[in-house]
*Asks:* 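Structure below; questions to follow.
Note that ligands are numbered from 1 as they come in the structure, with each ligand's atoms numbered from 1 the same way.
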Amino acid sequence: MTPRHSRITGTGSHLPPRRLSNADMVTLLAGRGIETSDDWIVERTGIRARHFADDGVSASDLALPAARRALEAAGRRAEDVDLIVVATSTPDMVFPSTACLLQAKLGVHGCPAFDVQAVCSGFVYGLAVADAMIRAGSARCALVIGTEVFSRILDFDDRTTCVLFGDGAGAVVLEASATPGILACELHADGRHAGILCTPGTVSGGRVLGDPVLKMDGQAVFRLAVGVLESAARSVLGKAGRTEADLDWLIPHQANIRIMQGTARKLKLPLDKLVATVDEHGNTSAASVPLALDVAVRDGRVRPGDTVMLEGVGGGFTWGAVLLDF
Ligand code: ACO
């Protein structure tokens with residue numbers, strides 16, 4: 001039997017059209033009696049703008065155009081897809097999964113479709129799961145998507161979090177291949193840190209119990225993120241028998257430019273090998289890595305044959321890395 005690997009054959013993304021600059025956030029928060037500034041946001045995070053979905057636009061609505069673009073880039077039709085994995089922390093409903101709702105919007109049925117919930121590491125988790133299913137022979141053509149409407153779970157009275165996040169979706173088509181593709185994956189979680197980044201509200205007895213908005217201890221997240229992004233990168237390189245010198249591109253979770261540049265420096269990577277979209281997208285959680293990948297593919301930076309490191313880190317606490325030849 002031909003050895004099975006998986007390979008990304010197409011990428012796509014979608015941002016809701018409503019773009020809010022930092023100046024727009026200053027105005028929005030001023031209306032609530034809260035002060036912020038473009039200088040503070042840019043200096044601490046590198047964020048200059050984010051996109052927010054209009055009321056009524058759901059995670060599956062954002063995922064649909066991203067998925068269609070990835071399918072078009074791969075030269076595939078929705079009918080060719082035999083696995084749909086959606087990473088999201090802002091699903092359309094408690095159930096069914098956003099993946100099932102997306103499947104229906106794509107006009108297909110029958111193939112397995114499910115969500116993964118690993119917050120900002122969700123896309124890396126989803127990609128690793130799809131890779132394992134393809135290598136096991138359970139799928140040949142997977143759609144892996146990160147999609148979020150994080151604006152729905154932000155507390156606009158909390159300036160320490162609401163300026164950081166945005167909405168969007170990114171997608172890849174991952175197909176069975178005789179040659180790799182995905183070289184190695186590395187996934188981790190440490191639930192002891194669940195409380196430093198969470199949205200603790202829950203639905204019970206027909207009511208929302210607890211606070212259904214994002215809470216974050218930014219400094220605790222920052223300290224953990226820097227360490228785990230470096231260790232995951234080193235260990236996935238080791239698994240694949242590669243070194244930092246083999247990397248053409250580092251595409252980490254887009255939360256904060258200081259964390260991303262710190263990771264690149266620790267790996268002794270020149271900063272021009274770091275793909276950063278956090279300035280224009282903010283932190284789009286599970287969507288951030290596939291959004292950044294699609295931007296870099298479409299602007300010609302990431303080219304066939306390039307070695308790319310994708311890294312996620314986020315609530316859970318979760319983290320992981322996928323090393324691949326594009
Ligand atoms: N505008 C102006 N001032 C602000 C704002 C704001 N939007 N937010 C906070 N401040 C103030 C604070 O009140 C504080 O003022 P004080 O000194 O008078 O008390 C001051 O700025 C410093 O606040 P810190 O919280 O210490 O700022 P810090 O330098 O730690 O930056 C930040 C905060 C940007 C959140 C940083 O900690 C960070 O990026 N953490 C990591 C976040 C992250 O990576 N998340 C990823 C995972 S997301 C996910 O999984 C869903």
*Asks:* Between Arg77 and Asp80 (salt bridge meaning N to carboxylate O under 4.0 Å), is one present in this structure?
*Replies:*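 Salt bridge between Arg77 and Asp80, a charged N being under 4.0 Å from a carboxylate O: yes.
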
*Asks:* Check this for me: does any side-chain nitrogen of one of Glu72 and Arg68 sit under 4.0 Å from a carboxylate oxygen of the other?
*Replies:*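 No, this pair does not count.
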
*Asks:* Among residues at least two apart in sequence or on other chains, which ones pass salt bridge (charged side-chain N to carboxylate O under 4.0 Å, His left out) with Asp190?
*Replies:*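 Checked Asp190 against salt bridge (charged side-chain N to carboxylate O under 4.0 Å, His left out); matches are Arg192.
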
*Asks:* Got a sec, which residues hit side chain to side chain contact (heavy atoms under 4.5 Å, CB included) with Ala132, two or more places apart in sequence or on another chain?
*Replies:*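 Arg135.
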
*Asks:* Provide the full list of salt bridge (Lys or Arg N to Asp or Glu O under 4.0 Å) pairs with a residue in residues 44-59, sequence neighbours left out, each pair given once.
*Replies:*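 For residues 44-59: Arg18-Asp54.
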
*Asks:* Taking only heavy atoms of the protein into account, state which residues are under 4.0 angstrom from an atom of ligand 1, in chain and number order.
*Replies:*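 Near ligand 1, by chain and number: Thr36, Trp40, Arg44, Thr45, Val119, Cys120, Phe150, Arg159, Thr160, Val163, Leu164, Phe165, Leu197, Met216, Gly218, Gln219, Val221, Phe222, Ala255, Asn256, Arg258, Ile259, Asn283, Gly314, Gly315.
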
*Asks:* Any side-chain donor-acceptor pair under 3.5 Å between Lys105 and Ser60?
*Replies:*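 On atom types as modelled, these side chains qualify, holding a pair under 3.5 Å.
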
